[in-house]
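Because the structure is predicted, anything quoted here is derived from the model rather than measured. In what follows, every chain begins at residue 1, and chains take the letters A, B, ... in the order their sequences are listed.
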Amino acid sequence: MRTDRCGDLRVDDVGRDVTLCGWVDRRREHGEHLAFVDLRDRSGVVQLVVDGAQDLRSEYVLQVSGTVRERPADTANDSLATGAVEIDTAEVTVLSVAEPPPFPLDDRTDVDEVLRLRHRYVDLRRPRLQRNLEVRARVTSAVRGAMEEQGFVEVETPMLIASTPEGARDFVVPSRKEPGSFYALPQSPQIFKQLCMVGGVDRYYQIARCLRDEDLRADRQFEFMQLDAEASFVSQDDVLSFISHAVSAAAEAVTGEGLGEIPRMSWQEAQERFGSDKPDIRFGMELVELTEAFTDTEFRAFQASCVKGIRVPGGADVSRNRLDDLTEQCKRWGAKGLVWMRVTDDGLDSPVAKFLTDDEKAALAMTLEAEVGDLLLLVADERRTVRHVLGLLRLELGRPPVTEGGLHFLWVVDFPLFEGLDEAGNPIPAHHPFTMPHEEDLETLERGDLLDVRSQAYDLVLNGWELGSGSVRIHRGDVQERIFSILGIGSEEAHAKFGFLLDAFRYGAPPHAGFAFGMDRLTAILAGEENIREVIAYPKTQSGADPLTSAPTPIDDRHLDELGLRVLPPVE
RNA sequence: GGUCCUGUGGUGCAGUUUGGAGUGCACGCCGGCCUGUCAAGCCGGAGGUCGCGGGUUCAAAUCCCGUCAGGACCGCCA
């Protein structure tokens, strides 16, 4: 139906007879027999010169034939790629008429997102989303290419699987053939990829759709895409290298520039310096250790196992109101309170200054490298709480939008094997229960100092977003049973939950390790978007609804009967 | 489960603090004029359940309560 795309035409094409198809982007009338129409397709827009008598309105779909000609002197438009030429239109066919669009299609106004989603087919015509879908396709293709170059084989795993009680909430699908039984949709292909390793697929990857029924966020949707990979006979360093290569290829495909070596930081260091396991290293305001300065303090609030602070450069002019708000916020995050100090020419201006000795004030000012005009914020509590609260406070006060300041990738390594103890005193695994403990910490594990045991687990972080995580897996039955027993999972329970995996391991399991990272998150940041919905063609709202199709919807009784289901009345 | 913010012609906003006639701005839409515009210009016009329900008041877009929808975040996401 067409010979060219609108946005491709240049001076070189002058004199050619072309046929174009697209939408009316904009129309400018000049009397009865002259009108300019910008015709838009995926590639961009080009100006048509048409007879003003033709009724061509916004978003009409046209097929036009005409000759490419150079624009008259002084009428070229430098801000348009096709601005040096125009189409002397000989024939216009209206392929479809259109009602006026429900919102402007230019990228200048921020339209209500529900409206955009309800008419997503219109929204997708906008340059922003056209570009984002292209970026997404390029990222996917680059990642695929990088994995194949490294000898990985793409394997598809099932969407209807058995529910396991671990991890996130499953989406479930009722079984018709076995009423009362349910499939689960995969949270990740984790078990299947490990089975692939036992199956001799020594380098597996998949760009896999994963589903988790947990609350949505700017960086979370119910369903999302992961680059999922696993390899046999490899070390942690090998996996980091594979994945670094893949994200570098993705970055290069979008920005034209690959990544250098991605820096590494231990989980412990990330927590101490940034109060987070996904530190945003684009800005300072690091957490500073102050516990030593207050070991003998008379000030009750600082008689805690840990005191840390952050320095907000030039923050002394933050209002009292704002400080009160921040204090409230810190309490909601779990702290007992927040101590603030303004650094002035006359020393520290703070409601607690009178409770501190001169030595203490001097020590904290020195340790924090405080300068006149700064604001100091201190939290005292258990170490875990201090890190958490100050980490969030740091982000609240200093964090730039996720898309700013370039791409700051970071490997966070040496995660703890257990993140704490539950009410029954059993350790809570920080990753999944198949994560291999750190070789050097096997002794610590046997000694029972569980919380000191590191694991061979690692995360990839980009500008403060967790892109993904992975680990070296346990492939030895004896180590796995030991971990299960430490976790308080009896062998009967272990077999009920993971029997097929344990069975598989009895038939010759190679040492293996893997990783998975979120394609949507990577794409969003590479596309300069702060929200993954902008790089997903048909996303859901924060409440999990789809304004376009109205999903989720009730199903009729006949359908329920067939599945052996009955819906309870809503709970008051 | 929680905290905070938002909801006003088709779209984006202002108006809400301090109650007084659906008031205003920009874009879009419809009609007219216009032969070199490109976010065209000029003239005219249409278009409203101020998210919804209740309350206070002589009077509510505005104050109060509830509710719905949306967004950001905390919890949650092995």
Given the side-chain rings of A:W411 and A:F515, with only the six-membered ring counted for Trp, is the space between their centroids under 6.0 Å? yes
Could you tell me if the ring centre of A:F171 sits under 6.0 Å from that of A:F222? yes
With a 3.5 Å cut-off and just heavy-atom distances, do the side chain of [X] and the base of [N] make a donor-acceptor pair?
X      : N     : result
A:D215 : B:G75 : yes
A:R108 : B:A39 : yes
A:E32  : B:U35 : no
A:R116 : B:U11 : no

Taking only side-chain nitrogens and oxygens of [X], does any of them come within less than 4.0 Å of OP1 or OP2 of [N]?
X      : N     : value
A:R28  : B:U37 : no
A:H33  : B:G36 : no
A:S58  : B:C29 : yes
A:R533 : B:A72 : yes
A:R57  : B:C30 : yes
A:N77  : B:G36 : no

Please report the C-alpha distance between A:R322 and A:D325 in whole Å, then the side-chain angles of each, then the deciding distance to 0.1 Å, and finally whether the salt bridge (Lys or Arg N to Asp or Glu O under 4.0 Å) criterion is met. CA-CA 5 Å; A:R322 173 85 169 127; A:D325 285 349; 5.5 Å; no
Heavy atoms only, 4.0 Å cut-off, all strands: where does [X] land among base, sugar-phosphate and nothing?
X      : result
A:H388 : sugar-phosphate
A:E86  : base
A:D213 : nothing
A:R220 : base
A:S543 : sugar-phosphate

Mind checking the CD-OH spacing from A:E230 to A:Y205? Nearest 0.5 Å is all I need. 15.5 Å
A:H475 and A:Q480, any side-chain heavy atoms less than 4.5 Å apart: no
Under the criterion of centre distance below 5.5 Å and interplanar angle below 30°, is A:F103 classified as stacked on the base of B:U11? no
